[in-house]
Protein chains: 2
Amino acid sequence: MTAETTPAPTGAAPTAPVGAARTRLANETWEAVLTAYSHLMREFAEEDIWSDASMREYDVLYTLSKCDGPQRLSELGRHVLLSQPGLSRLVDRLVDRGLVSRCADPADARASHLSLTAAGRDVQRRIGRVHGRSVAQAMTDALTDDELAQLRTLASKLSPVTPGAPS
Amino acid sequence: MTAETTPAPTGAAPTAPVGAARTRLANETWEAVLTAYSHLMREFAEEDIWSDASMREYDVLYTLSKCDGPQRLSELGRHVLLSQPGLSRLVDRLVDRGLVSRCADPADARASHLSLTAAGRDVQRRIGRVHGRSVAQAMTDALTDDELAQLRTLASKLSPVTPGAPS
DNA sequence: TCCGATTATATGCAGATGCATGTAATCAAC
DNA sequence: GTTGATTACATGCATCTGCATATAATCGGA
C-alpha cells in the first residue's frame with residue numbers, strides 16, 4: 001500500500017536501525033498508519049449519520065465550529081484534504097443548504113468570511129455527538145489510555161508546528 | 001476535524017481517564033491521526049511521480065505487487081479505501097493502460113484474477129522507489145527509530161486481525 | 001434438480017473532484 | 001500612482017466516485 005523497499009534486512013537487525021532498515025521501518029510504519037486510517041474511516045462511514053452532511057462536509061463544519069471567528073476559504077483549506085476549487089464548491093453547497101454563511105471581508109475584498117449558521121452549528125453538533133461516540137468506541141476498544149496518549153503524541157509529531165499534546 | 005466532545009474535563013484529571021475524559025482523549029488522538037494523515041498525504045501528493053498512476057492507482061498496483069498470486073477484485077477492495085464500483089472502474093483503467101491483466105478464474109466464473117503485467121510491475125517499482133524515499137524522509141525527520149516502532153505497533157492495533165508488528 | 005439466497009462484478013447516472021485557467025483585489029517597487 | 005507579481009477565490013471541463021441496480025454464477029437446502 002505504500003512503497004517499495006529493500007526485500008529484507010541483510011544481516012541481523014542491529015539495536016538501532018540504519019540505512020535500509022531505517023527506511024524499511026519508516027515505510028512499515030506509514031503503511032500501518034494508512035491501514036488503520038483506511039479501516040477506521042470505513043467503520044465511521046458506515047455510521048448512519050451522514051445524511052445531512054457527508055464526511056468531508058462535516059470536516060468543514062467541524063473545522064468552522066472549532067474556530068473563534070469566521071474563516072477564509074484558504075484557511076479552511078489548510079485543515080481539509082481537498083483542492084482549492086474542490087473546497088470552494090463544497091462550501092458553495094453548504095451555503096446553498098444554509099449551513100454556512102459567506103460574508104464579505106471588509107479588509108480584503110478578495111476574501112470572504114465563512115462561518116456556521118445556526119442550522120450549520122446544529123447539524124455539526126448532532127453529527128458530532130454520535131460520531132464522537134463511535135470514534136471513542138473504536139479507539140478505546142483497540143488501545144489502552146496510555147497507548148492513546150502515546151499515539152496522540154506520536155501523531156502530533158508528524159504534523160508541522162503542532163501545538164503538541166499536553167501529555 | 002473529528003467530533004464534538006464535552007468542552008473540558010470538569011475536575012482535575014485523574015491518572016487514568018474515565019468517562020468523558022476518556023472519550024476526549026480518544027477523540028483528540030483520532031484527530032491527531034487525521035491531521036498527520038492529511039499533512040503527509042499532501043506532502044506525498046506533491047511528489048512529481050504520479051503521472052503514470054495516481055496515488056489511488058498506485059495503491060492498487062502496490063497491493064497487487066505484495067500479493068503472491070493473482071487477486072480478485074473483492075480481495076483488493078479490502079485493502080483499498082474505495083467503493084466496489086469505484087475499484088472496478090479503477091481496475092478497468094489500469095487494464096486499459098496495460099498495467100494490470102484480468103483473467104478468468106477457472107474455479108469461479110463470477111470472479112476474475114487480477115495481476116500486474118510486466119509494465120505494471122515496472123511502474124509500481126519506479127513510483128515505489130521514489131515514494132518510499134519520501135515516506136522514509138518524512139517519517140524519520142519527525143520521529144526517532146523508537147518512536148517509529150512504537151507508532152507502527154500502535155497503528156497496527158487499530159486494524160483488525162493484524163499480523164502485528166514484530167516489535 | 002430446482003429455486004431462493006448469497007456472492008462477485010459491472011453499469012447507468014447523478015454528483016463530486018482536480019487541473020488548468022480566469023477574474024479580481026492587494027502588494028511591492030519604482 | 002502605475003505596473004508587474006502575488007494572493008484569494010471562482011469556473012469550464014474532463015474525469016472520477018458513489019449509490020442504486022443489473023447481471024451472472026455459486027451455494028444451500030427442499
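Below, read A as the first sequence line, B as the second, and so on, with proteins coming before strands; counting in each chain starts at 1. Fair warning: this is a prediction, and the values are worked out from it, not measured in the lab.
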Exercise for the section: Please lay out, stage by stage, how B:Y37 and A:L81 fare under the test side chain to side chain contact (heavy atoms under 4.5 Å, CB included). Expected result: CA-CA 9 Å; B:Y37 172 84; A:L81 192 52; 4.0 Å; yes
Problem - Any A:R93 side-chain nitrogen or oxygen under 4.0 Å from OP1 or OP2 of C:dA16 - result: yes
Handout entry: Residue pair B:T117 / B:S101, side-chain donor-acceptor N/O under 3.5 Å
Key = no
Length of the [atom1]-[atom2] vector between [X] and [N], whole Å:
X	N	atom1	atom2	value
B:D96	C:dA10	CG	C1'	14 Å
B:D59	D:dT17	CG	P	12 Å
B:L90	D:dG18	CG	C1'	14 Å
B:L94	D:dT17	CG	P	11 Å
B:L82	C:dT9	CG	P	14 Å
A:E46	D:dC19	CD	P	11 Å
A:D105	C:dT26	CG	P	9 Å
B:L81	D:dT17	CG	P	11 Å

Practice task
Taking only Lys NZ, Arg NE, NH1 and NH2, and the carboxylate oxygens of Asp or Glu, determine whether B:R72 and B:D108 approach each other closer than 4.0 Å.
Solution key: yes
Problem - Salt bridge flag under 4.0 Å for residues B:E46 and B:R42 - result: no
Exercise for the section: I would like to know whether A:L82 and A:R56 meet side chain to side chain contact (heavy atoms under 4.5 Å, CB included); could you show each step before the answer? Expected result: CA-CA 9 Å; A:L82 202 60; A:R56 267 182 168 165; 3.5 Å; yes
Practice task
Please tell me which of A:A107 and A:R56 maps to the more 5' nucleotide of DNA chain C, matching each residue to the nucleotide holding its nearest heavy atom.
Solution key: A:R56
Check the interface with nucleotides 7-10 of chain D: list each N/O to N/O pair with the protein under 3.5 Å, or write none.
{"residue": "D:dT7", "atom": "O2", "partner": "A:R110", "partner atom": "NH1", "Å": "2.7"}
{"residue": "D:dA8", "atom": "OP1", "partner": "A:R72", "partner atom": "NH1", "Å": "3.4"}
{"residue": "D:dC9", "atom": "OP1", "partner": "A:L73", "partner atom": "N", "Å": "3.3"}
{"residue": "D:dC9", "atom": "OP1", "partner": "A:S112", "partner atom": "N", "Å": "3.4"}
{"residue": "D:dC9", "atom": "OP2", "partner": "A:S74", "partner atom": "N", "Å": "2.7"}
{"residue": "D:dC9", "atom": "OP2", "partner": "A:S74", "partner atom": "OG", "Å": "3.0"}
{"residue": "D:dA10", "atom": "OP1", "partner": "A:R102", "partner atom": "NH1", "Å": "2.8"}
{"residue": "D:dA10", "atom": "OP2", "partner": "A:S88", "partner atom": "OG", "Å": "2.5"}
{"residue": "D:dA10", "atom": "N7", "partner": "A:Q84", "partner atom": "NE2", "Å": "2.9"}
{"residue": "D:dA10", "atom": "N6", "partner": "A:Q84", "partner atom": "OE1", "Å": "2.9"}

Problem - Pairs where residues 81-100 of chain B contributes a residue and the test salt bridge (charged side-chain N to carboxylate O under 4.0 Å, His left out) is met, not counting sequence neighbours - result: B:E57-B:R93, B:E57-B:R97, B:D92-B:R102
